[in-house]
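See structure below.
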Amino acid sequence: MEIGAVTKTIFDETKDVIITWFGVLSKGRTAFASVDLGSNLALLFALRFLFYVSVVDFAVSIPSSAANGIKYEDKMFIGVSIASIYVEYLALALIIYGTMKLFGGKASLQACIAGYCFLTAYLPVAAILRLPTVAITDAAFKAGANYPDIVSREFAMLAGASAWDKVVFAVASLLSVGVFIFFLINVYRCFRKLHRLSIGRARIAFTVGLCAAMLFSMAFIMPFDGAISRAFAVK
């Protein structure tokens, strides 16, 4: 492939990603209402879009990784971290799809995954808003991967912080959680439409899916992230 063709491909991909990103942020799930989510082209682009979202999410976390003494420039750390973010995001879609299918959903896995991947455009925004809280969270993770202990350590560190730091932590948490909830609302509406479920069944299925995804994250993702932080910490 010639250099010109490669450059054009990269340019086109970047343009499509940016247009999709801002389209979803401004219009939500209606931004891809005319797209055939069940097509192979839509799925492949959506999966690449999720990868770019994971890369941005990792990039946003670099300052806190550096502050916590993690060798963020290590190529292995970069690869493992991005892969972990990607799997965590994709796992949420698969779990919710599965619970909605159990409650009588009619959608194909391909269409649901594509729609979900496009909606992850909200996640980097939530990650940026969460930045003031990440230093405390990362420090809590480094000391151990047990979830109750992590929460306890976070509260202990927050208790010793200044009043200003507490306000910043609270505001950042509320804003980031708000964006994440907006993301979940759009995922729910997208999946409900694709699965053609009644409001009652869809809400129950989605709630069960979120609970299952939370348990999955606590049992596998959080311990794995904690192990990564400890493995690549500066000795």
Holding to ring pair (Phe, Tyr, Trp, His ring centres under 6.0 Å), I want the full list of residues that pass it with F183, two or more places apart in sequence or in another chain. Y116, F180
Please name all residues satisfying ring pair (Phe, Tyr, Trp, His ring centres under 6.0 Å) with F191, sequence neighbours left out, ordered by chain then number. none
Go through it in stages, so that I can follow the logic: the residues are F118 and C190, the test is side-chain contact (heavy atoms from CB on, under 4.5 Å), and I'd like the CA-CA distance, side-chain angles, deciding distance and then a yes or no. CA-CA 11 Å; F118 289 135; C190 177; over 6 Å; no
Assigning hydrophobic clusters by single linkage (Ile, Leu, Val, Met, Phe, Trp, Tyr; side-chain heavy-atom cutoff under 4.5 Å), is I185 placed with I199? no
Between OH of Y97 and CG of L194, what distance do you get to the nearest 0.5 Å? 10.5 Å
Under the salt bridge (charged side-chain N to carboxylate O under 4.0 Å, His left out) rule, what pairs show up with a residue in residues 75-85, not counting sequence neighbours? none
Please answer: with hydrophobic residues joined when any side-chain heavy atoms are less than 4.5 Å apart, are V17 and L25 in the same cluster? yes
Straight-line distance of L43 CG to C112 SG, nearest 0.5 Å: 11.0 Å
So which heavy atom on L184 is nearest to which on F206, and how close? O-CZ, 3.4 Å
Closest approach of A213 to I95 (non-hydrogen atoms, all atoms of both residues): CA-CD1, 3.7 Å
Do the side chains of L90 and I82 join up, straight or via other hydrophobic residues, at under 4.5 Å, putting them in one cluster? yes
Distance check, rounded to the nearest 0.5 Å: S61 atom OG versus I85 atom CD1? 5.5 Å
Distance (rounded to the nearest 0.5 Å) between N186 CG and T120 OG1: 11.5 Å
For V168, what residues pass the side chain to side chain contact (heavy atoms under 4.5 Å, CB included) criterion, not counting sequence neighbours? P132, W164
I'd like to check the ring pair (Phe, Tyr, Trp, His ring centres under 6.0 Å) partners of F49; sequence neighbours left out, ordered by chain and number. W21
Suppose we screen for side chain to side chain donor-acceptor pair (under 3.5 Å). Which residues come up paired with Q110, at least two apart in sequence or across chains? N40
How does the hydrophobic cluster around I18 look, that is, which other residues are in it when side-chain heavy atoms under 4.5 Å mark a link? F22
Do F216 and L92 pass the side-chain contact (heavy atoms from CB on, under 4.5 Å) test, and can you show the C-alpha distance, the side-chain angles, and the key distance before you say yes or no? CA-CA 9 Å; F216 174 82; L92 176 61; over 6 Å; no
Side chain of T99, backbone of V208: donor and acceptor closer than 3.5 Å? no
Cluster check L47, Y122: I/L/V/M/F/W/Y, side chain < 4.5 angstrom: yes
CZ-CD1 distance between F77 and I62, expressed to the nearest 0.5 angstrom: 8.5 Å
Between CG on residue D16 and CZ on residue F11, distance to nearest 0.5 Å: 9.5 Å
Please tell me whether L175 and I181 are part of a single hydrophobic cluster in this structure, the criterion being side-chain heavy atoms less than 4.5 Å apart. no
Measure across L119 and G28 and return the closest heavy-atom pair with its distance rounded to 0.1 Å. CD2-C, 4.3 Å
Which pairs, with at least one residue in residues 36-56 and sequence neighbours excluded, count as a salt bridge (charged side-chain N to carboxylate O under 4.0 Å, His left out)? E13-R48
With heavy-atom distances below 4.5 Å as the criterion, would you say the side chains of T20 and F32 are in contact? no
Would you sort out whether I113 and L94 count as a side-chain contact (heavy atoms from CB on, under 4.5 Å), showing the intermediate values? CA-CA 7 Å; I113 294 300; L94 292 171; 3.8 Å; yes
Give me each pair satisfying side chain to side chain donor-acceptor pair (under 3.5 Å) with a member in residues 187-207, each pair once, sequence neighbours excluded. none
With sequence neighbours excluded, what pairs up with Y52 under the ring pair (Phe, Tyr, Trp, His ring centres under 6.0 Å) test? none
Is a side-chain donor or acceptor of S176 paired with a backbone partner of A172 at a separation under 3.5 angstrom? yes
Take atom OH in Y72; do more than 12 heavy atoms of anything else shown fall under 6.0 Å from it? no
Provide the full list of side chain to side chain donor-acceptor pair (under 3.5 Å) pairs with a residue in residues 77-92, sequence neighbours left out, each pair given once. D57-Y89, S84-D225
Closest approach of S217 to P223 (non-hydrogen atoms, all atoms of both residues): O-CD, 3.9 Å
Side-chain donor/acceptor of S108 to backbone N/O of A111, under 3.5 Å: yes
Only one of V56, V60, V179 passes side chain to side chain contact (heavy atoms under 4.5 Å, CB included) with V125; say which it is. V179
Applying salt bridge (charged side-chain N to carboxylate O under 4.0 Å, His left out), which residue pairs with at least one partner in residues 96-121 are found, sequence neighbours left out? none
